[in-house]
Structures are given as structure tokens and as C-alpha cells.
Amino acid sequence: MVAAVPRFKVDEAAAVCGVAELHPGRLGRDLLRETFYRVAEPVATGETRGAWLRQWRLMAIDGFDLDLPDTAENAAEFGYAGNDQSRSALPKARVVAVVECGFHAFMDAEVGAWNRSEKTTAASLLPSISSDWLLLADRGFYSFAAFSAAAHTGAALRWRAPTQLLLPVLKVLSDGTYLSALVNPAIRGRQRQQLLEEARSGSTPDPAAAHVVRVVEYDVPDRDGQELVCLITTVKDPEAATAGELAGAYHRRGEEETAKGRLKSVLHGPGKVLRSKSPDLVHRRSGPTCWSTTRSPL
């Protein structure tokens with residue numbers, strides 16, 4: 001008689017991470033990153049709820065932190081949150097990730113030191129986004145250089161504008177939204193005014209100098225002081241996407257919180273930290289961890 005062999009569910013991330021940590025010479029950081037890119041692809045279908053706005057896949061970019069073991073190497077590489085008078089108990093890594101809305105799969109991720117801003121950490125991710133995406137981002141990610149890098153890929157963009165960003169009205173559109181121009185901050189004075197006049201006349205400016213965008217403004221009445229949300233998008237035609245659709249899509253960005261919660265609480269366990277005691281192992285383990293959320297829907 002042959003006994004039935006039980007079937008076990010293998011945690012792919014744990015298996016890969018275990019090999020990486022037990023045999024550090026076999027799976028280097030670059031190899032694991034390449035493995036991540038081979039499996040990290042959009043998984044939402046046309047029927048996946050919340051994954052699409054018309055023809056575009058909804059993607060969100062955002063940042064979060066990971067607690068790390070308190071070793072001298074991790075502290076030197078990643079640092080602590082806070083300052084010398086009041087710092088975090090553990091070193092922290094800054095992670096910026098691109099996540100598919102609807103399915104919550106990680107498409108790309110960059111891990112860096114805590115003192116690197118999300119905007120700086122995101123710079124390496126923007127050139128690799130796909131032209132069929134609509135990328136959602138909060139106001140902390142905006143800079144002219146970042147917006148230019150993302151727009152250069154041909155992807156549609158739907159970013160929240162920082163409060164200090166000047167958005168001159170070039171043309172009011174039929175739905176109440178308006179066209180404006182993002183001008184390279186290095187261009188000032190008369191040259192800036194000439195660029196705005198050219199954009200107002202309908203000319204397409206040099207992307208290194210300016211981008212014509214559509215601006216969607218609306219109030220959030222259930223927040224204190226009726227918060228004004230100002231969104232900038234490369235989708236300039238109201239027929240291609242209405243103001244209501246774009247506003248609704250922007251708030252899908254919050255779904256990345258679900259993906260981050262899964263990574264931090266479900267995969268590691270509540271209150272737990274990565275077990276990697278060196279920066280190299282932190283990078284090796286963080287890749288497969290994101291990989292496992294690419295393969296597993298919520």
C-alpha cells in the first residue's frame with residue numbers, strides 16, 4: 001500500500017528569501033531583482049473591478065517604510081527616523097512602489113535609505129512605466145523633472161498638484177476644467193511668458209521646457225475646511241475622460257494602502273520586522289516579498 005502524499009502550499013517569497021539568506025553567494029541582489037521583473041506584470045483582467053479607467057490600466061505610485069533589524073550595518077546604510085534627540089527604535093528602509101489598482105499587485109519597487117525622500121527614491125521607477133497605464137501620484141511626488149520622465153514614456157498621468165505650483169489658465173474647457181502649462185522652473189522672466197503665450201495659442205512646447213496639462217479642481221466637503229484637491233493630467237480631452245472619472249480614479253490611489261498593509265502585516269506578521277541583518281540581505285529579501293504580492297490577489 002502506498003500512502004497518499006500530502007500537498008503543501010509553498011510560500012514562494014519565503015522559499016526564495018530562505019535560499020538568499022542561507023546561501024548568499026547563489027542569489028545576488030541583481031539576480032533577485034531580475035527575477036522580480038520577470039514575474040511582475042499586470043494581472044488584472046478586463047473584468048477586474050477598480051483596475052481600469054476606459055482603456056488605461058490604473059497604477060499608483062506611493063511610498064512606505066520597513067522596520068529593519070537593529071544592526072550597525074543596517075543603521076549605517078538606512079538610518080533611523082527622527083533625530084538624535086528622538087529617533088525610531090529600529091532602522092528603517094524607504095520603499096517606493098508602483099502598484100496595480102484593483103488587483104493590488106506590485107509592478108516595481110525601489111528600496112533606499114530613510115533620509116531619501118519618496119520623490120528621490122521614485123526617480124529610477126518612472127522611466128519604466130508602460131504607455132497603456134494611467135499613473136496616479138500624490139502631490140509629494142511632483143517635480144518638473146519627475147513629471148517629464150513619466151510623461152516621456154507615453155503613459156497617461158493623473159497627479160495631485162502641490163499647493164505652491166503655479167497653474168496659469170490657458171483655456172477653459174467645456175466641462176469646467178482648464179488647460180494650463182507646467183514650465184521648467186529654470187525658465188523665468190520673458191522666456192517663460194513666451195512659452196505660456198505659445199501654449200495658449202495651441203502650439204505644443206518643447207517637453208524639456210513645458211507641458212500642457214488639464215487641471216481638475218474639486219472640493220472634498222466632508223473634511224475640515226473643505227479641502228481643495230487640484231489634479232493635473234495629460235488626458236487633455238474631456239471626451240477621453242470626464243472630470244468625474246479622473247477625480248474618482250485619483251482616489252483609487254488609496255488602494256496602494258491595501259497592498260502595503262498586506263506586505264507589512266500579512267506577509268511579515270503584525271509588528272514583525274525583516275530578519276535581514278545586513279543591507280545586502282535587506283535588498284534581497286524586499287524583492288521577493290514584493291514578488292509574492294504580485295502573484296497573490298487579495
Side-chain angles (χ1 to χ4, degrees), residues 13-14 16-18 20-22 24 27-30 32-33 36 60-99 104 106-126 136-143 145-146 149 159-165 223-224 227 253-293:
V16 175
C17 291
E21 295 191 6
L22 291 174
L27 292 179
R29 182 190 306 185
D30 293 339
L32 282 176
R33 190 170 183 84
F36 173 78
I61 187 169
D62 207 351
F64 58 96
D65 61 85
L66 287 177
D67 289 331
L68 308 174
D70 195 5
T71 65
E73 290 179 273
N74 283 342
E77 176 83 8
F78 299 102
Y80 297 88
N83 51 49
D84 292 337
Q85 287 72 39
S86 177
R87 74 176 197 186
S88 60
L90 298 171
K92 289 181 179 288
R94 174 89 65 189
V95 183
V96 174
V98 178
V99 173
H104 310 147
F106 280 73
M107 295 293 99
D108 204 349
E110 182 70 24
V111 182
W114 170 257
N115 61 7
R116 291 180 67 193
S117 69
E118 291 181 343
K119 186 187 303 183
T120 302
T121 306
S124 64
L125 305 179
L126 296 174
L136 314 172
D138 203 4
R139 52 191 166 189
F141 285 91
Y142 177 80
S143 71
W159 294 18
R160 185 170 180 179
T163 54
Q164 74 276 14
L165 184 64
R223 297 183 184 177
D224 293 339
E227 180 184 6
R253 187 188 58 84
E255 293 191 11
E256 183 154 356
E257 297 294 331
T258 303
K260 292 186 294 188
R262 174 184 171 83
L263 186 149
K264 297 175 73 172
S265 298
V266 178
L267 296 177
H268 296 159
K272 294 185 179 181
V273 300
L274 288 175
R275 65 188 182 189
S276 309
K277 296 184 178 181
S278 72
D280 191 52
L281 290 179
V282 169
H283 284 280
R284 295 186 196 190
R285 186 166 178 81
S286 58
T289 299
C290 292
W291 169 24
S292 66
T293 61

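Count residues from 1 along the sequence. Excluded from the calculations below are hydrogen atoms, water molecules and symmetry mates; all remaining heavy atoms, backbone and side chain alike, are included.
Closest of all the heavy-atom pairs between Trp114 and Gly79 is CB-O, 4.4 Å. In this structure, Pro69 and Lys277 approach most closely via the heavy-atom pair CB-CG, 4.2 Å. Heavy-atom minimum distance, Ser276 versus Val282: CB-N, 3.5 Å.
With sequence neighbours excluded, no residue satisfies side-chain hydrogen bond (donor to acceptor under 3.5 Å, both in side chains) with Ser88. Residues passing the side-chain contact (heavy atoms from CB on, under 4.5 Å) test with Ala113, sequence neighbours excluded: Asn115, Arg116.
Note that OG1 of Thr71 and CD of Glu77 are 10.0 Å apart. Values are rounded to the nearest 0.5 Å. Between Leu126 atom CG and Asp108 atom CG the span is 9.5 Å, to the nearest 0.5 Å. Put simply, OG1 on Thr120 and CD on Glu110 are 11.5 Å apart, with the number rounded to the nearest 0.5 Å. Separating the CH2 atom in Trp159 from the CD1 atom in Ile61 is a distance of 7.0 Å, to the nearest 0.5 Å. Residue Leu125 holds its CG atom at 12.5 Å from CE of Met107, rounded to the nearest 0.5 Å.
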Let me see the working for Asp70 and Tyr80 under side chain to side chain contact (heavy atoms under 4.5 Å, CB included), right down to the final yes or no.
CA-CA 10 Å; Asp70 195 5; Tyr80 297 88; 2.6 Å; yes
Given Phe78 and Leu66, is the side chain to side chain contact (heavy atoms under 4.5 Å, CB included) satisfied, shown in steps?
CA-CA 10 Å; Phe78 299 102; Leu66 287 177; over 6 Å; no
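A donor-acceptor contact shorter than 3.5 Å is absent between the side chain of Asp62 and the backbone of Val99. With hydrogens and angles disregarded, a donor-acceptor distance shorter than 3.5 Å links the side chain of Asn83 to the backbone of Gln85.
More than 12 non-hydrogen atoms from other residues, nucleotides or ligands lie less than 6.0 angstrom from NZ of Lys119.
The list of salt bridge (Lys or Arg N to Asp or Glu O under 4.0 Å) pairs with a residue in residues 86-98, not counting sequence neighbours, reads Asp65-Lys92, Asp67-Lys92.
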